[in-house]
Amino acid sequence: MSNECKLGVTRRDLLGNSIKVAALGGLANMTAGPAVLGSGLLAAASAVPSSAEASGNANVPPGQLDEYYGFWSGGHSGEVRVLGIPSMRELMRIPVFNRESATGWGLTNESLKILSSGLTPETKEFLKKQGKVTFDHGDTHHPRMSYTDGSYDGRYVYINDKSNTRIARIRVDIMKTDSVLEIPNAHAIHGLRLQRYPKTGYVFCNSEMRRPLQNDPSTMRDVSKYVGIFSAVDGETMKMAWQVMISGNLDNCDCDYKGKYAISTCYNSEEGFTTAEMTAAPADHVVIFNIKAIEEAVKAGKAQMINGVPVVDGRKDAKSQFTRYIPIANNPHDANAAPDGKYVVVSGKLSPTVYVIEWDKVDLLFEGKITEKETIVANPEVGLGPLHTTYDGRGNAYTSVFLDSQIVKWNIADAIKQYQGDKSVNPIRQKLDVHYQVGHTNASMAETKDADGKWLVALCKFSKDRFLNVGPLKPENDQLIDISGDEMKLVHDGPTFPEPHDAIIVHKSKVNPVEVYNKNDPLFADLYAMAKKDGVELGKDSKVVREDKSNKVRVYMVSHAPTFSMTEFNVKRGDEVTIIVTNVDEVVDLTHGLTVVGHNVCFEVGPQATASATFKADRPGVWYYYCQWFCHALHMEMQGRMFVE
Ligand code: RUQ
Ligand code: CUA
Ligand code: CA
């Protein structure tokens, strides 16, 4: 059980009378409820089942825990959010591509290293000229948790950044971003899904826009040189594995449960540049990627090396074994593999239908035994503007229908019967109105073989009239729907900040974060190495170290509630100062911070963590620093002075 207090001491003990404080709320979630409060702080929350588990309703009273974690894209906020499901309570925000004031993400040396080291040399050069080491924003769409053998394994969550052509990885054990990679040769990474079998494995990602591989003025207007690019990244090393050149563009992607195929949708087979051009053809397509054929070609050295990445040609004209193009009526959006491992559903968007493709038939297609069209085994009509499809593990699919603002439940087996000519069956089970203009939808565990059909979220793009007016910018509306019975029931409205494109719902048994950092975590390795060189023992010594005759000064200090080990230090005007803080508290939930007034320095230091930030001391005088995390009854007093001479 990961959610109980493992250590005997909590921040509450430090704050004073534990029971009184807990009863005041805010901290009560570490206990099982009022009855347990009187019996001591070590009582495990798991002793009482959450009401949501017991009764299947969405009400999770104070002190009880949700049954699922939701990992939410933060859209163009650049972050990932963690929600509790079914309460829809926002539990945490994980900064990824954004700058984050609360935690100092993008301000600390450690986060800047993560944000900058995976960029291409060309991008680094460009940013340097802007006086930056990385981008300041991102546009996240598709958070996905790593798999082992077709189900979530709780190691990582990956997410794309469409705006700056990157992907990132979050470590689920600490819920922090640990790696960012720019995808070379691509332009705007949109679709992202993970290899399910045998494990992740590959991170598959789609370049949404087409451009010349060699992008310069000599090629930029020559559309014959433009290509689409599909990428596979090694999710363990966060290095490029291979890429495939394709015809058309790429929108969303998914893959099967056997590790054989990936699939991407294309809305711009026309290879046009205006809306009119991109919607001109009556049909676009999905591309199926034959992973083994690609791997073999790469291994045999048959790929072209472009910017350090092996690239194979899977365009239509190349007639390779790498790809097949299955026609789909115009401008399809998502492809979503069903948890039974047999089917993948492609949503039509401008067609009111969805297409069911059978994976076994894809084998026959690559063997040349059937045509592209024969891989399609159903094509039910669901409504206007189908975008995404999710599943309950009981043979039903749920498609979000944007223009009709509905979630449409339909049965896969009946859709196949209907397609085979049985006019007596109607695959549609129910159409539920949602508010309004739903984009993604996803159900609990639906993208794994353990799909359990309990909860479904509908991520609505508009919320007008649904909440108190907060001015011209409205929140989105993420709605929770109970799908455990025969009928879908709308149970919750959840306003969200722009813009959760997509979310996954993961059973809590798959997610096991730590309570306190391991001080030997590789996250801090650079700092330990630097301290060693400076003759400093991190977490013990407080010291100001000046690098030989230079203006580089390192200030090492320890935070231990409610004090910093150094209440003053001196530097000289013009010094480049690095402050390194180690939090030696071992107490659950006892985070400190360091803020230096007037110097753009502010960061989080979790229990047993070390963090650092560097700035130029160019403002003579006295400048206070303080702990900005309310850590103790004497938190306000946790401060010191920097003298700039
Ligand atoms: S997309 S609203 Cu960015 Cu996932 Cu479909
Ligand atoms: Cu430490 Cu507030
Ligand atoms: Ca099109």
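Counting starts at 1 for both ligands and their atoms, following the listed order. All of these numbers come straight from a predicted model, not from anything done at the bench.
Within 6.0 Å of NZ in K474 there are more than 12 heavy atoms belonging to other residues, nucleotides or ligands. Counting heavy-atom neighbours within 6.0 Å of F467 CZ, excluding the residue itself, gives a total above 12.
Protein contacts to the Ca ion (ligand 3) involving N, O or S atoms at a distance below 3.0 Å are Y267 O, E270 OE1, E270 OE2, M278 O, D284 OD1, D284 OD2, N331 OD1.
In terms of heavy-atom proximity, P143 sits nearest to A503 at CG-CA, 4.3 Å. The minimum heavy-atom distance linking I505 with W455 is given by the pair CD1-O, 4.2 Å. Contact record, H635 with Q628: CE1-C, 3.7 Å, taken as the closest heavy-atom pair. Minimum interatomic distance between C266 and G248 (heavy atoms only, all atoms of both residues): SG-CA, 4.0 Å.
Taking the side chain as every heavy atom from C-beta outward, V577 and H599 never approach each other to under 4.5 Å.
Ligand-side atoms of ligand 1 in range of H142: 1 (S), 3 (Cu), 4 (Cu), range being under 4.0 angstrom from any heavy atom.
For K162, no heavy-atom contact with ligand 1 is shorter than 4.0 Å.
Sorted by first and then second residue, the salt bridge (Lys or Arg N to Asp or Glu O under 4.0 Å) pairs involving residues 265-276 (not counting sequence neighbours) are R210-E271.
Tested against H501, the residues D139, L459, N160 include a single side chain to side chain contact (heavy atoms under 4.5 Å, CB included) partner, D139.
Relative to atom 3 (Cu) of ligand 1, the option among E208, K461, E499, H190 with the closest non-hydrogen atom is H190.
At distances below 3.5 Å, not a single donor-acceptor pair connects side-chain atoms of T177 with backbone N or O atoms of I170.
With waters neither drawn nor counted, the protein N/O/S atoms under 2.8 Å from atom 5 (Cu) of ligand 1 amount to 2.
Residues passing the side chain to side chain contact (heavy atoms under 4.5 Å, CB included) test with P607 are V516, N583, T591, sequence neighbours excluded.
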